[in-house]
Protein chains: 2
Amino acid sequence: METRELTYFVAVAEELHFGRAAERLGITQPPLSRAIGQLERRLGATLFERTSRQVTLTEAGAVLLQEGRAALDAVVAAERRVRRTAQALTGRPSVVLASKAGASAELLAKLLHAYDAEPGAAAVEVLLCGPGQQEGLLRDGRADVALLHRPFDSIAGFDTEELVTEGQVLVLPAGHPLSTRTSVTLAEVESLADLPQPRWPRRDGSYPDGPGPEVRDLTQLRQLVALGRTCTVLPESVRADLGETLVCVPVSDAVQVTTVIAWPPHSRSKAVAGLVRAATAG
Amino acid sequence: METRELTYFVAVAEELHFGRAAERLGITQPPLSRAIGQLERRLGATLFERTSRQVTLTEAGAVLLQEGRAALDAVVAAERRVRRTAQALTGRPSVVLASKAGASAELLAKLLHAYDAEPGAAAVEVLLCGPGQQEGLLRDGRADVALLHRPFDSIAGFDTEELVTEGQVLVLPAGHPLSTRTSVTLAEVESLADLPQPRWPRRDGSYPDGPGPEVRDLTQLRQLVALGRTCTVLPESVRADLGETLVCVPVSDAVQVTTVIAWPPHSRSKAVAGLVRAATAG
DNA sequence: GCATATCGATGCCTGCGCGGTATCGATCGG
DNA sequence: CCGATCGATACCGCGCAGGCATCGATATGC
């Protein structure tokens with residue numbers, strides 16, 4: 001199976017429409033139809049059920065979508081990492097570390113400081129991204145190592161080391177009735193009709209339904225909390241960079257959040273190893 | 001990057017010889033040279049340092065070998081798993097479970113029994129293989145789920161659930177001086193000049209140097225122990241199928257061995273989920 | 001109910017690129 | 001210095017990917 005065929009298949013499987021998929025791929029529809037047909041013949045499996053009005057995935061197709069995405073990610077990751085190591089030879093080597101913007105800020109600072117002190121430390125490019133994106137960055141080679149937060153981020157398929165575990169706090173606008181409490185429960189948080197929970201984007205970028213505001217990052221979120229439009233439950237460490245207008249109250253029954261450092265399981269990179277060492281030593 | 005190019009690259013990287021690599025690939029040397037050259041140009045990286053007498057990997061080449069193998073495995077795994085799910089639709093679905101021949105026999109039997117009792121259980125094909133091979137089987141899709149033994153097998157990149165943890169015992173021919181002891185230490189085992197430790201094959205099939213006999217599986221090993229040519233340290237559960245001629249003595253300071261059930265992190269398969277459930281429930 | 005639009009499949013053609021043969025050029029051994 | 005080894009290059013032919021035109025099926029509008 002060639003990566004070209006896989007790319008074509010994934011495009012059709014995602015669009016469920018040959019014409020749009022072809023457009024996305026920058027080719028015309030006929031060769032795409034033929035490529036998929038040929039792939040099906042070679043695999044001995046029907047991947048799509050198609051009428052002239054509708055295209056649906058078969059079970060075999062669903063399997064190929066899942067596995068094929070992983071395979072394609074692995075291929076482009078290989079490509080990117082080779083490019084980067086080649087560049088590294090003509091300059092100071094560098095690693096890309098992905099972290100959620102705003103999360104684990106203090107930990108990240110300490111980590112970078114500790115690693116920089118190591119002899120032969122590489123330049124660390126920090127890639128701050130939205131929640132749920134680090135996984136993809138790590139999988140397709142745009143990042144070499146990432147800070148993830150269990151149980152929110154999936155660590156499936158990566159090697160990890162635990163760094164810190166912390167409880168969660170409710171972040172409220174100052175002056176809210178609950179802001180003087182010493183502790184609240186999740187049930188109380190969810191029943192706050194005046195401060196509906198914010199809605200985060202799914203993998204595909206769409207938002208679930210609900211009354212709360214749509215948010216993409218912590219800066220937005222902080223602003224919306226300060227404006228009294230929402231409240232949110234976050235790991236304790238956010239306390240560090242909250243201003244005067246926001247208040248934290250521990251949530252007694254929220255799950256513990258563990259920050260882990262994660263990397264692709266076969267990483268050969270000395271820089272990644274050094275970062276992991278610096279992280280776990282600190 | 002096309003999988004064909006990756007396959008070519010891996011062949012050359014493994015052989016470090018264009019002629020032999022071409023032969024292995026079933027093509028002639030010139031197109032192979034061109035394919036590699038083109039790949040290097042497209043990646044903007046030199047992958048091999050070649051004189052007319054010697055080919056060596058560059059650092060970028062080493063990275064591509066590592067990542068490229070993983071990527072190729074992912075591609076062929078996708079292919080195999082699609083083929084298998086398509087077959088499964090025209091008959092009873094089946095899962096392939098890989099386990100080291102001879103290891104965890106009792107656990108495996110219990111697991112299969114428990115799973116068979118589930119409603120809608122798939123047929124389980126058991127693939128008994130040599131030590132260190134399960135990882136590859138799972139990675140390239142020949143197996144869907146495997147029983148691994150930490151810390152011997154690498155679980156990097158898989159999802160796992162721990163099943164049992166056990167100590168290790170020294171397996172000796174009956175009548176050996178140490179066979180009457182209630183416990184021994186690793187130091188004692190290693191100093192047994194009359195019974196040198198057996199040598200297991202590496203990934204590539206070659207054997208390390210040393211005085212002990214070369215072994216490929218537990219049956220061979222058991223026979224060699226019985227013949228008084230070697231001794232070995234194995235998890236306790238081997239006691240179950242040792243005959244009269246072999247004796248076990250607990251090793252006080254050997255690492256604990258954990259048997260885990262492992263599967264590719266994105267597995268969609270109900271059968272795999274069922275097996276994992278049966279394993280952890282038992 | 002007929003005309004029309006939509007959409008995937010098919011037939012046909014062209015050009016690129018993969019693979020083969022022949023050969024060159026560099027390096028090492030005798 | 002000659003020959004053997006091995007990767008690179010030149011040249012050629014064929015297969016296949018991709019484009020255009022069109023077909024057949026199905027849902028939609030008047």
Side-chain angles (χ1 to χ4, degrees), chain A residues 1-62 64-65 68 71-72 75-76 79 86, chain B residues 1-62 64-65 68 71-72 75 79:
Chain A
M1 209 170 25
E2 289 303 312
T3 62
R4 184 183 49 81
E5 302 177 282
L6 253 184
T7 311
Y8 286 7
F9 167 78
V10 170
V12 176
E14 283 177 358
E15 300 283 347
L16 289 177
H17 188 290
F18 281 75
R20 279 196 298 276
E23 191 181 357
R24 193 173 113 184
L25 293 166
I27 63 173
T28 55
Q29 172 259 322
L32 181 56
S33 282
R34 260 180 297 139
I36 300 292
Q38 185 172 321
L39 183 60
E40 288 179 315
R41 249 175 291 125
R42 278 213 286 253
L43 291 176
T46 307
L47 300 171
F48 298 104
E49 224 53 83
R50 52 267 228 193
T51 70
S52 68
R53 302 304 291 179
Q54 183 163 328
V55 176
T56 54
L57 269 179
T58 62
E59 194 178 322
L64 186 57
L65 180 56
L72 278 180
V75 172
V76 308
E79 196 166 334
Chain B
M1 210 168 27
E2 289 303 310
T3 60
R4 184 183 49 82
E5 302 178 284
L6 254 183
T7 312
Y8 286 7
F9 167 78
V10 170
V12 177
E14 284 177 358
E15 300 283 347
L16 289 177
H17 189 290
F18 280 73
R20 278 197 299 275
E23 190 180 357
R24 194 172 110 183
L25 292 166
I27 63 173
T28 55
Q29 173 260 321
L32 182 57
S33 282
R34 258 182 298 136
I36 300 292
Q38 183 172 321
L39 183 60
E40 288 179 314
R41 250 174 291 124
R42 279 213 286 251
L43 290 175
T46 308
L47 300 172
F48 298 104
E49 225 52 86
R50 53 267 229 194
T51 70
S52 68
R53 303 303 291 178
Q54 183 163 327
V55 176
T56 54
L57 269 180
T58 63
E59 195 177 323
L64 186 57
L65 180 56
L72 278 181
V75 172
E79 197 165 334

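The figures here come from the full heavy-atom set of this structure, side chains too, leaving out hydrogens, waters and symmetry mates. Letters A, B, ... are given to chains in the order of the sequence lines, protein chains preceding strands, and every chain is numbered from 1. It should be emphasised that the depicted structure is a prediction, and the values quoted were computed from it without experimental measurement.
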Separation of C:dT10 atom P from A:Glu40 atom CD, nearest Å, is 11 Å
How close or far is atom P of D:dT26 from atom CD of A:Gln54, stated in whole angstroms?
-> 13 Å
Evaluate whether atom CD of B:Glu5 has more than 12 neighbouring non-hydrogen atoms of other residues, nucleotides or ligands under 6.0 angstrom away.
-> yes
Residue closer to the 5' end of DNA chain D, B:Leu16 versus B:Arg34 (nearest nucleotide) | B:Leu16
Please list residues of residues 1-15 of chain A whose heavy atoms come under 4.0 Å from any atom in DNA chain D, ordered by number; otherwise none.
-> A:Arg4, A:Tyr8
If only atom types and distance count, is the side chain of A:Gln29 paired as donor or acceptor with the main-chain N or O of A:Gly19 below 3.5 Å?
-> no
Separation of C:dG19 P from B:Leu25 CG (nearest whole Å) | 9 Å
Sub-3.5 Å pairs of nitrogen or oxygen atoms, protein against nucleotides 22-26 of chain C:
{"residue": "C:dA26", "atom": "N3", "partner": "B:Ser52", "partner atom": "OG", "Å": "3.4"}

A:Phe18 CZ - C:dT10 C1' separation (whole Å) | 14 Å
Below 4.0 angstrom from OP1 or OP2 of C:dA9, is there any side-chain N or O of A:Ser33?
-> yes
Rounded to whole Å, the CG-P distance (B:Leu32 to C:dT21) equals 15 Å
So which heavy atom on A:Ala71 is nearest to which on A:Leu6, and how close?
-> CB-CD1, 4.1 Å
When the distance from CZ of A:Arg42 to C1' of D:dC16 is rounded to whole Å, what number comes out?
-> 11 Å
Tell me: NE2 of B:His17 to P of D:dT5, nearest whole Å?
-> 10 Å
So, is B:Arg50 near the phosphate of D:dC6, with a side-chain N or O under 4.0 Å from OP1 or OP2?
-> no
Give the C-alpha distance, both sets of side-chain angles, the deciding distance and a yes or no for side-chain contact (heavy atoms from CB on, under 4.5 Å) between A:Arg50 and A:Phe18.
-> CA-CA 10 Å; A:Arg50 52 267 228 193; A:Phe18 281 75; 4.1 Å; yes
Taking OP1 and OP2 of C:dG17, is either one under 4.0 Å from a side-chain nitrogen or oxygen of B:Gln38?
-> no
To the nearest 0.5 angstrom, please state how far the OG1 atom of B:Thr7 sits from the CG atom of B:Leu25.
-> 7.5 Å
For A:Phe9 and A:Leu65 the tightest heavy-atom approach is CE2-N, 3.5 Å
Please report the shortest heavy-atom distance between A:Ala13 and A:Leu57, naming the atom on each side.
-> CB-CD2, 4.1 Å
Within 6.0 angstrom of B:Glu23 CD, more than 12 heavy atoms from elsewhere | no
Main-chain N/O of B:Thr58 paired with B:Glu49 side-chain donor or acceptor, under 3.5 Å | no
Gap between atoms CG and C1', on A:Leu39 and D:dC16 respectively (whole Å) = 16 Å
Please state whether the phosphate of D:dG18, meaning OP1 or OP2, lies under 4.0 angstrom from any side-chain nitrogen or oxygen of A:Thr28.
-> no
Check every atom of C:dG20, D:dA17, D:dG18 against the side chain of A:Pro31 and return the nucleotide holding the closest atom.
-> D:dG18
Apply side-chain hydrogen bond (donor to acceptor under 3.5 Å, both in side chains) to the pair A:Glu2 and B:Thr3, showing each step before the final yes or no.
-> CA-CA 5 Å; A:Glu2 289 303 312; B:Thr3 60; 3.0 Å; yes
Which nucleotide sits closest to the side chain of B:Ile27: C:dA9, D:dG7, C:dG20?
-> C:dG20
